[in-house]
Amino acid sequence: MLARFAFLCSLTLLALVFATYGGCTSDACSVDPRAPDEPVSAIECGSGDLCYRGRCVSTCTAGQEASASCESDGDCDSARPRCLNGFCSACDQGEECIPVLDICEAVSEVPLPEVPEIPPVGAPRPPGPRDAGTLGAGLIPPGDDRPDAGQVVLPLTRTVFIDLSRTEILAGPGRDGDALEVLSYDVSNNPAGLVWRGDRIPPAIEETVQEATDCDLNAFRAPDEPPTPADFGTIRVADFNGSGALSGELVATWDPLSEAYTVAPSPLPQPSIVLSTLTPPDSTFVTITGSRVDDVTDSTWPASELGLHVPFDLTLDPATVTLLSGPITREAAGPVSVGFEVLFERVGTGVVPSERIVLRIPGLNHEILCPQPEGPGTDNRIALGAALLEQFRNLEMAPVGAAYPVILERASAERFSVVPDAAQPELRFFVSARVRHSYQGLLVFQ
């Protein structure tokens, strides 16, 4: 049984793109029974149109929709003849180019819910728009329990963290290349309502210290009952539906001697991951599945394949490459005189709901976290203020020469639960999965 708690990124649900599709006036057409959910050619549709779910629709290329600016239709060419929202488009007014499907569909905006009042630190709290996808190493809800108002709050039993990454080290220690990491801990015997960060070793409880315009400052504390490493069964990461995301299947297996997961093949082929690209437009996906293991799952999971989008290649502004190659140095005592900002090539039209840009600076007991959604009207920069840097330094009690990684990444993330047995509702296993393309710099206080 699979309960979804975050944005689901699959070939079918990608077509939602934070919108509800309205009616269409296109002519009816015959659906190909071999591919009922895919746009296909049909004799009933005109030249350049496709048949999608019984309707003739216009075609487009999602990765190119925001590539040419305009003021009127006369500024556009025949491939994208209409000027919509300042960019040449193949779609009509009121339509959007749907990524992966590359068709035009009518959409209507769905407003986000209001952000709830923030309760005291450490108390259970209902989810706000950012809580849905901005935790756990900067992006992933880490298997925490944030129920809606009125729900019964149960303690968390197990937290599992799956991280598939491509990392490019610009400064500081670390390893370039593609990697898969799996962390699994038993966190039972702790009270309900805690916000767990499953990416910490061992997992820690996260509490917000300061919220700023673009960034938050979070603190971590050890739980009363220390988490212990625990087997969650064999975990497989594979290409989804022939998209070409991986050079081969990756398998994480529990090693009882080291009480940790090992990954095969070892070492991983470099590169192993094929990132999605905007130009030419191409999206890749992976699936994440698990096997049965005693006392955890009574069958394989998830019940259906989990298709997670491999993020679009993150391209940095040359000034940001220079900044991260630094290191970035700031004052070790007294006021921090200036913050800094990072710039990147954003995704405009064709954004994936589960994907975003994140700037994060992890410390020993604190972390600066700056999530940036993408899409029409969003910015291509994240600004980190001097005051938050100073507060981070002071809380970390950073000595002269203290160095911290500065990580800028684009990542897709999802959280879901694995329910082992309907007869044991008190067991709550949360899995966080992330696929990311990261750059690492270095912050030094001196």
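Model, not experiment: these values are computed from the prediction. Along the sequence shown, residues carry numbers from 1.
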Open item on the list: I'd like to know whether Cys104 forms a disulfide bond (SG atoms under 2.5 Å apart) with Cys91, so could you lay out the CA-CA distance, the side-chain angles of the two residues, the decisive distance to 0.1 Å, and finally the verdict.
Closed with: CA-CA 5 Å; Cys104 299; Cys91 301; 2.1 Å; yes
- [ ] Could you please spell out the steps behind the side chain to side chain contact (heavy atoms under 4.5 Å, CB included) verdict for Gln372 and Val358?
- [x] CA-CA 6 Å; Gln372 170 71 32; Val358 176; over 6 Å; no
- [ ] Output, in order, the C-alpha distance, side-chain angles, deciding distance and verdict of side chain to side chain contact (heavy atoms under 4.5 Å, CB included) for Val342 and Leu323.
- [x] CA-CA 8 Å; Val342 292; Leu323 175 76; 4.1 Å; yes
Open item on the list: Run the salt bridge (charged side-chain N to carboxylate O under 4.0 Å, His left out) test on Arg436 and Asp163 for me, step by step, so that the C-alpha distance in whole Å, both residues' side-chain angles and the decisive distance to 0.1 Å come before the verdict.
Closed with: CA-CA 8 Å; Arg436 60 189 173 101; Asp163 182 51; 3.0 Å; yes
- [ ] Check the pair Val431 / Ile288 against side chain to side chain contact (heavy atoms under 4.5 Å, CB included), numbers first and verdict last.
- [x] CA-CA 10 Å; Val431 181; Ile288 300 174; 5.9 Å; no
Open item on the list: If you apply the rule salt bridge (charged side-chain N to carboxylate O under 4.0 Å, His left out), what do you find for Arg221 with Glu206, and how did you get there?
Closed with: CA-CA 7 Å; Arg221 66 176 176 87; Glu206 181 185 63; over 6 Å; no
Task: CA sep, side-chain torsions, deciding dist, call: Val406, Phe340, side chain to side chain contact (heavy atoms under 4.5 Å, CB included) - done: CA-CA 11 Å; Val406 178; Phe340 64 86; 4.3 Å; yes
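Within the 4.5 Å cutoff, the side chain of Trp254 has heavy atoms near those of the Pro229 side chain. Within the 4.5 Å cutoff, side-chain heavy atoms of Leu408 are placed close to those of Leu316. Side-chain contact between Leu250 and Pro265 is present, with at least one heavy-atom pair separated by less than 4.5 Å. In this structure the side chain of Leu278 reaches within 4.5 angstrom of the side chain of Glu345, judged on heavy atoms. At a threshold of 4.5 Å between non-hydrogen side-chain atoms, the residues Val251 and Val263 do not count as touching. In this structure the side chain of Val160 never reaches within 4.5 angstrom of the side chain of Leu183, judged on heavy atoms. Here the side chains of Ile407 and Ile361 are not in contact, with every heavy-atom distance at 4.5 Å or above. You'll find the side chain of Leu314 reaches within 4.5 Å of the side chain of Ile357, heavy atoms only.
Residue Ala90 comes nearest to Ala79 through the heavy atom pair CB-O, 3.6 Å, listed as atom of the first residue, atom of the second, then distance. Smallest separation of non-hydrogen atoms from Gly198 and Pro203: CA-CB, 4.3 Å. For the residue pair Leu389 and Gly339, the shortest heavy atom distance occurs at CD1-CA, 4.0 Å. Shortest non-hydrogen contact noted between Ala386 and Val338 is CB-C, 3.6 Å. The minimum heavy-atom distance between Phe220 and Ala204, with the atom names listed, is CB-CB, 3.9 Å. Shortest non-hydrogen contact noted between Pro227 and Pro223 is CD-CG, 3.6 Å.
Put simply, CD on Gln391 and CD1 on Ile368 are 9.0 Å apart, with the number rounded to the nearest 0.5 Å. Rounded to the nearest 0.5 Å, atoms CG (Asn189) and OG1 (Thr157) are 9.5 Å apart. Taken to the nearest 0.5 Å, the CG atom of Leu194 stands 4.5 Å off from the CD1 atom of Ile205. Distance check, rounded to the nearest 0.5 Å: CZ of Arg166 to CG of Asp178 gives 4.0 Å. In this structure, Thr159 OG1 and Arg200 CZ are separated by 13.5 Å, a value rounded to the nearest 0.5 Å. Distance check, rounded to the nearest 0.5 Å: OG of Ser165 to NE2 of His437 gives 10.0 Å.
A donor-acceptor contact shorter than 3.5 Å links the side chain of Ser276 to the backbone of Val310. The backbone N or O of Val336 lies less than 3.5 Å from a partner atom in the side chain of Glu390, making a donor-acceptor pair. A donor-acceptor pair under 3.5 Å is formed between the side chain of Tyr261 and the backbone N or O of Phe232. Here the side chain of Asp239 pairs a donor or acceptor atom with the backbone of Ser243 at under 3.5 angstrom. When atom types are taken as modelled, the side chain of Arg434 and the backbone of Ala411 share no donor-acceptor pair closer than 3.5 angstrom. Of the possible donor and acceptor atoms, one in the side chain of Glu374 sits under 3.5 Å from a partner among the backbone N and O of Val347. Arg158 places a side-chain N or O within donor-acceptor distance of the main-chain N or O of Asp231, the cut-off being under 3.5 Å. When atom types are taken as modelled, the side chain of Glu211 and the backbone of Leu217 share no donor-acceptor pair closer than 3.5 angstrom. A donor-acceptor pair is defined here as one N or O able to donate and one able to accept, closer than 3.5 Å; such a pair exists between the side chain of Arg393 and the backbone of Glu331. Between the Glu396 side chain and the Leu364 main chain, a donor and an acceptor come within less than 3.5 Å of each other.
In this structure, a donor-acceptor pair under 3.5 Å is absent between the side chains of Asn218 and His366. Of the N and O atoms on the side chains of His309 and Glu355, at least one donor lies less than 3.5 Å from an acceptor on the other residue. When only modelled atom types and interatomic distance are considered, Ser188 and Asp186 share a side-chain donor-acceptor pair under 3.5 Å. Between the side chains of Asp255 and Ser258, at least one donor-acceptor pair of N or O atoms lies under 3.5 Å. Between the side chains of Thr167 and Gln440, no donor N or O sits under 3.5 Å from an acceptor N or O.
When the shell of 6.0 Å around CG of Asn85 is examined, it contains 12 or fewer heavy atoms from other residues, nucleotides or ligands. For Arg381, the CZ atom sits in a packed shell: over 12 heavy atoms of surrounding residues, nucleotides or ligands are nearer than 6.0 Å.
Ion pairing of Glu367 with Arg197 is present here, as a side-chain N (NZ or NE/NH1/NH2) and a carboxylate O approach within less than 4.0 Å.
Of the residues listed (Leu164, Val286, Ile162), the one engaging Leu308 in a side-chain contact (heavy atoms from CB on, under 4.5 Å) is Val286, and it is the only one.
In this pair, Phe445 and Phe392 present their aromatic rings tilted. The plane angle is within the 30 to 60° band.
A disulfide is assigned to Cys215 and Cys370, since their SG atoms are nearer than 2.5 Å.
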